[in-house]
Amino acid sequence: MARARRISRLGAVAVVPVLAVFFGTLLPGVSAAAADTAAVSDGSPRPSCTADTGPYQWQLEKRLKLKEDGLMSEEDCRAFRTLQKRLGITPANGYPDVKTYRLLLVDDVKKNPNARKKCPEHRPRVTCIDLSRQILWVQQGKKVVFGPVPVRTGRKGTETRTGWQRIYQKNRTFFSTIYDNAPMPYSQFFNGGQALHGTYKDLFESGSGGCVNMYVKDAERLFKLLRIGDALYIYGRKPARAAQDRFTADDDRLIAEAFGGAGIPVTWSLDTPLG
């Protein structure tokens with residue numbers, strides 16, 4: 001949080017942004033960059049950004065058109081922190097972790113997740129699940145009515161089943177009979193024991209037992225939208241496998257790198273469990 005320093009010495013233009021930052025938010029129309037500028041208009045240095053080099057340093061440098069050296073600089077840290085604030089990531093500390101990179105990839109395609117035309121548009125409503133990009137959205141014809149949101153699908157050996165599926169059962173509260181009574185809030189079953197549902201675990205680490213996991217808040221919204229009999233179309237390949245294919249597009253390989261792994265620390269809080 002920025003400190004209000006000698007407000008009486010600031011110009012009239014600078015006072016409003018500083019007060020906005022002081023109270024933890026920005027007023028409408030006041031950008032983060034403007035607030036940063038205002039905070040130092042009295043000549044004192046800006047608060048430093050001191051995050052360490054992280055596992056997605058190079059990928060984020062490339063996406064944000066920064067110097068691609070794989071090493072953290074203060075410029076990098078500030079750019080990453082600004083991105084995290086825009087994406088609603090907490091803490092917005094400038095550390096280039098898997099969550100930041102994956103949510104940036106979702107944000108990149110939010111206007112038109114079906115630009116590649118791989119999910120059919122001829123049905124009244126289709127829930128599209130792209131295993132290669134690990135995203136889910138719902139479309140009615142060409143109009144996107146939900147998402148896209150990040151998901152976690154089946155790991156090797158318990159892959160999420162592909163092709164056309166239908167929702168045949170819905171349970172707001174459900175516990176897995178296979179995986180030690182693991183909670184499956186807002187479950188919507190589409191093939192055997194596989195379901196769309198929320199998870200309290202790290203969404204960007206490892207893989208599921210075949211279900212399509214998502215944030216609990218996203219699972220709740222999707223639960224309210226879909227009905228028994230609604231169609232799902234699941235396509236693509238799990239990123240960990242697609243990454244090994246030399247014919248895979250560059251974006252798919254980058255997504256595969258950001259899918260998660262044992263060496264990536266969990267640095268963010270879990271979803272709030274259901275009451």
Side-chain angles (χ1 to χ4, degrees), residues 1-11 13-108 110 134 150 152 200-206 215 251 253-272:
M1 181 181 295
R3 294 179 301 170
R5 294 187 295 273
R6 294 178 289 176
I7 292 178
S8 62
R9 295 181 56 188
L10 297 178
V13 175
V15 171
V16 172
V18 171
L19 290 177
V21 175
F22 180 77
F23 286 107
T25 185
L26 292 176
L27 297 179
V30 178
S31 68
D36 283 346
T37 300
V40 297
S41 62
D42 64 351
S44 58
R46 288 184 296 179
S48 61
C49 191
T50 58
D52 293 332
T53 297
Y56 297 95
Q57 181 78 35
W58 175 80
Q59 291 92 334
L60 286 173
E61 288 172 345
K62 182 175 182 179
R63 286 276 175 159
L64 300 181
K65 301 186 185 305
L66 299 168
K67 181 181 178 181
E68 297 177 36
D69 58 6
L71 298 173
M72 180 66 79
S73 67
E74 185 150 343
E75 180 186 4
D76 292 344
C77 185
R78 290 185 185 281
F80 299 163
R81 186 170 63 187
T82 298
L83 172 66
Q84 289 168 337
K85 289 178 180 178
R86 179 171 70 81
L87 296 177
I89 296 172
T90 54
N93 55 14
Y95 183 71
D97 58 5
V98 61
K99 182 180 183 182
T100 301
Y101 186 59
R102 281 286 308 279
L103 290 184
L104 173 59
L105 295 177
V106 174
D107 186 69
D108 283 346
K110 66 181 181 182
Q134 293 290 285
R152 181 180 69 167
Y200 302 124
K201 295 184 177 180
D202 187 342
L203 192 63
F204 306 122
E205 192 173 68
S206 185
Y215 286 130
D251 273 357
R253 282 199 293 270
L254 287 174
I255 291 167
E257 292 172 9
F259 186 65
I264 300 172
V266 178
T267 57
W268 52 282
S269 60
L270 300 176
D271 290 335
T272 302

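From a predicted model like this one, the values you see are computed outputs, not experimental measurements.
Thr53 approaches Gly70 most closely through the heavy-atom pair CG2-O, 3.4 Å. Shortest non-hydrogen contact noted between Pro96 and Met72 is CD-CE, 3.5 Å. Between Cys77 and Thr50 the shortest heavy-atom distance is SG-N, 3.8 Å. Considering every non-hydrogen atom in both Glu74 and Ser48, the closest pair reads OE2-CA, 3.7 Å. Nearest heavy atoms, Pro150 versus Leu103: CG-CD2, 3.7 Å. Closest heavy-atom contact between Leu87 and Leu104: CD1-N, 3.8 Å.
Between Tyr215 and Phe204, the two ring planes are perpendicular [angle over 60°; tilted spans 30° to 60°].
Rounded to the nearest 0.5 Å, atoms OH (Tyr101) and CZ (Phe80) are 11.5 Å apart. Between the OG1 atom in Thr82 and the CG atom in Leu64 there is a gap of 9.5 Å [rounded to 0.5 Å].
Checking side-chain atoms of Gln84 against main-chain N and O of Gly94 turns up a donor-acceptor pair under 3.5 Å. Remark: side-chain polar atoms of Gln59 are not paired, donor with acceptor, to backbone N or O of Val98 under 3.5 angstrom.
Applying the side-chain hydrogen bond (donor to acceptor under 3.5 Å, both in side chains) test between Glu61 and each of Lys65, Gln57, Arg63 identifies Gln57 as the sole match.
Side-chain contact between Asp97 and Ile89 is absent, with no heavy-atom pair separated by less than 4.5 Å.
The 12-atom threshold is not exceeded at CD of Glu75, counting heavy atoms of other residues, nucleotides or ligands nearer than 6.0 Å.
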